[in-house]
2 protein chains.
Amino acid sequence: MNNKNNIKRSRRGSGAITLRDVAKLAGVAPITASRAVNTPEQVSPDVLKKVLDAVQRTGYVPNRIAGGLASSRSRLIAAVVPSTVMSVFMETIESLNASLFDAGYQLMLGQSGYSAAREELLLEAVIGRRPDGIFLTGILPPGKSRTRLLASGIPVVETWDLTPTPIDMLVGFSHSDIGRAVANFLMSRKRKRLALVRADDERAARRAAAFTEAVRARGLPDVFVVNVGDSRSLKSGREAMARIVWEAPDVDAIFCSSDLLALGVVTQARAQGVAVPDRMAVIGFGDVPFLAEMVPALSTVRINGAEIGKQAAHFLIERAQGRPIDPRVLDVGFAIVERDTT
Amino acid sequence: MNNKNNIKRSRRGSGAITLRDVAKLAGVAPITASRAVNTPEQVSPDVLKKVLDAVQRTGYVPNRIAGGLASSRSRLIAAVVPSTVMSVFMETIESLNASLFDAGYQLMLGQSGYSAAREELLLEAVIGRRPDGIFLTGILPPGKSRTRLLASGIPVVETWDLTPTPIDMLVGFSHSDIGRAVANFLMSRKRKRLALVRADDERAARRAAAFTEAVRARGLPDVFVVNVGDSRSLKSGREAMARIVWEAPDVDAIFCSSDLLALGVVTQARAQGVAVPDRMAVIGFGDVPFLAEMVPALSTVRINGAEIGKQAAHFLIERAQGRPIDPRVLDVGFAIVERDTT
DNA sequence: TTGAAAGCGCTAACAA
DNA sequence: TTGTTAGCGCTTTCAA
């Protein structure tokens with residue numbers, strides 16, 4: 001009779017132990033075994049014991065694919081991260097993943113930032129898995145992808161930014177506020193000629209705009225801007241600093257769009273004999289952990305990436321459980337961390 | 001009649017467009033629609049057009065959960081990464097993910113390195129998704145988890161290390177070779193008193209052992225070892241250097257178990273007026289990109305993390321398609337990159 | 001080239 | 001508390 005089973009199963013399936021096997025061994029119906037495994041409080045102690053026993057003996061691991069199909073709840077969350085600068089978001093991804101895991105969810109990782117065609121494919125792949133939620137790094141501009149996501153009905157949380165028109169939920173902070181705050185911070189330190197070193201990045205652009213605006217509002221000379229393009233490397237920072245020394249020698253404070261650029265600026269300053277912070281103040285963005293312990297320790301804008309991940313996870317889990325989120329926007333803020341370079 | 005459908009569907013399901021809807025609209029059987037979408041070459045041009053049309057009009061996105069259940073192929077690969085030092089492996093994860101995506105696979109991310117209990121849960125969660133393959137950072141020591149993985153029958157690739165007894169497949173390099181090579185490299189540069197600064201990490205321990213052994217074989221004085229414990233920060237590197245200056249002032253070369261530690265050592269050396277590389281050679285491990293452009297540029301051991309990801313993806317995809325891999329072990333090697341600090 | 005039937009392994013709905 | 005039944009949305013198998 002065992003034989004008959006095997007013959008029957010040989011045609012299809014993975015050959016792995018199923019809930020049916022467990023149920024048979026425990027002498028109960030499959031649904032009872034299911035309940036014993038998933039909602040033990042709904043089952044008598046006697047049955048519970050028999051089922052768990054059978055699970056032990058067979059090494060049964062529930063098939064979440066089948067479960068997901070049956071319940072329309074995949075217990076999967078998709079995270080979309082830009083492939084080029086993943087590192088900045090890692091703290092967030094780690095904390096997101098940890099929070100999700102504790103709640104019984106799995107994280108699927110998608111990398112954006114390639115071609116538009118691949119972006120389209122990524123979205124297809126993501127929606128095709130029917131995740132219970134989608135985590136987006138940044139905000140999605142209006143367009144085909146946004147429409148598509150909206151149409152899918154899957155809860156979405158956008159992050160690392162603020163917008164009056166989120167797709168759904170949002171956990172982030174205001175880049176304009178940062179630009180303004182850093183400008184005021186530097187000006188309050190009696191800096192008179194400010195400069196920006198920034199990568200080609202939409203969020204950096206918004207910080208820059210607010211920074212420039214705040215400087216202008218105080219009647220100081222125009223901000224000297226160095227755009228380093230797509231390269232966020234330390235080397236670009238060095239080159240930018242060399243240009244500033246050459247083209248705008250009166251600059252006495254620089255706001256960089258990333259800590260790495262700032263490190264490059266400081267490195268070059270030392271190479272050219274420009275005293276930091278006496279002659280030149282430098283402040284970065286992102287608070288890469290180890291830069292706090294460099295000499296000189298880098299001043300920077302700290303973003304609590306782990307908090308973003310944690311809160312985003314919370315939002316997504318609540319929604320996945322069918323509970324509404326209100327308000328749907330959370331501003332986690334930022335902090336200017338003053339160290340040696342300002 | 002549309003109505004009847006809706007009533008019928010209201011009881012269960014996600015309410016999304018299904019293959020059946022598409023098929024109905026195209027006037028073909030569901031299976032034909034399936035073929036048009038998945039294997040268009042098996043279908044007449046006429047039917048193909050009608051089905052693709054219907055897909056367009058409905059915005060149909062195939063449900064991969066259902067597909068996975070029916071075909072026993074989830075097109076999912078699980079990657080397990082230590083949560084504490086994810087950064088080192090990011091290049092690998094990115095390239096792994098990119099390669100997988102191009103082949104139509106999705107990446108699921110799991111974080112290890114928490115408690116043993118959670119490790120157990122992670123394995124359950126991973127196996128429960130029935131991934132077509134599992135990517136492991138590092139090698140799995142014999143134990144319950146290993147047995148379990150083996151029993152699951154899922155293709156596994158271990159990475160970043162070499163062992164004579166892999167679970168299944170392996171893409172890595174020899175840590176002993178590195179320790180030996182670095183020792184010989186430093187000794188060939190006429191360094192006479194070598195030191196190690198290392199984190200509490202099994203792989204670093206093997207590099208250290210081979211390093212020590214190579215030094216001893218040449219009859220040089222014993223290696224001075226500073227173990228910084230679990231902290232891999234720049235700060236630990238600084239403290240280690242301070243200790244070396246104090247306790248073993250004759251040391252003239254240091255091999256650090258990570259670039260960050262090496263950076264700390266160099267930072268402290270500068271602070272204490274120890275000339276690098278004249279008085280002290282320093283070499284790191286990992287080749288964090290930006291350290292190449294610091295002053296002084298850090299010498300290091302370069303691991304091609306992207307290549308590991310790419311090859312691991314290749315191994316897993318081949319196996320997922322049912323093709324055998326032979327040989328199942330790939331040594332991607334390493335390179336000593338000499339820059340300013342040696 | 002197309003289709004009908006029968007599941008994949010699980011859970012929702014309803015009934016006892 | 002336990003069980004029966006009928007799917008979830010897709011693909012495999014077999015037949016036309």
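Numbers restart at 1 for each chain; the letters A, B, ... are given by sequence-line order, proteins then strands. FYI, side chains are in, hydrogens and waters are out, and symmetry mates aren't considered; it's all heavy atoms of this structure.
Residue B/Ser71 places no side-chain N or O under 4.0 Å from the OP1 or OP2 atom of D/dC10. Between D/dC8 and B/Asn63, no contact under 4.0 Å exists linking OP1 or OP2 to a side-chain N or O. Proximity of A/Ser34 to the phosphate of C/dC10: no side-chain N or O atom is located under 4.0 Å from OP1 or OP2. Regarding contacts with the backbone of C/dG3, a side-chain N or O of B/Thr32 is found under 4.0 angstrom from either OP1 or OP2. Regarding contacts with the backbone of D/dC8, every side-chain N or O of B/Ser14 stays at 4.0 angstrom or more from both OP1 and OP2.
A straight line from CD1 of A/Ile31 to P of D/dT2 spans 12 Å, rounded to a whole angstrom. Whole-Å rounding puts the B/Leu69 CG to C/dC10 C1' distance at 8 Å. Atoms CZ (A/Arg35) and C1' (C/dC10) sit 13 Å apart, rounded to a whole Å. Atom CD in B/Glu41 sits about 15 Å away from atom C1' in C/dT2, given to the nearest Å. Distance, B/Ile65 CD1 to C/dC8 C1': 13 Å, rounded to whole Å. Atom NZ in A/Lys50 sits about 15 Å away from atom P in D/dT1, given to the nearest Å. In this structure, A/Arg73 places its CZ atom 16 Å from P of D/dG9, rounding to the nearest Å. Computed from coordinates, the B/Arg64 CZ to C/dC8 C1' distance equals 17 Å when rounded to whole Å.
At a threshold of 4.0 angstrom between heavy atoms, the contacts of A/Ser72 with the nucleic acid are absent.
The base of C/dG9 does not come close enough to the side chain of B/Arg130 for any donor and acceptor atom to sit less than 3.5 Å apart.
Of the inter-residue distances, the one linking B/Gln106 atom CD with B/Asp132 atom CG reads 11.5 Å to the nearest 0.5 angstrom. Atom CD1 of residue B/Ile77 and atom CZ of residue B/Arg75 lie 9.5 Å apart, to the nearest 0.5 angstrom.
In terms of heavy-atom proximity, B/Met169 sits nearest to B/Ile325 at SD-CG1, 3.8 Å.
Taking the side chain of B/Ala70 as heavy atoms from C-beta on, and the options D/dT2, C/dT11, C/dC8, the nearest nucleotide is C/dC8. The side chain of B/Ser44 lies closest to C/dT1, out of D/dC10, C/dC10, C/dT1.
Of the two residues near DNA chain C, B/Pro30 and B/Ala66, the one whose nearest nucleotide lies more 5' is B/Pro30.
The closest side-chain heavy-atom distance from B/Thr159 to B/Phe135 is below 4.5 Å.
Crowding of A/Gln56 atom CD: a count of heavy atoms from other residues, nucleotides or ligands under 6.0 Å not exceeding 12.
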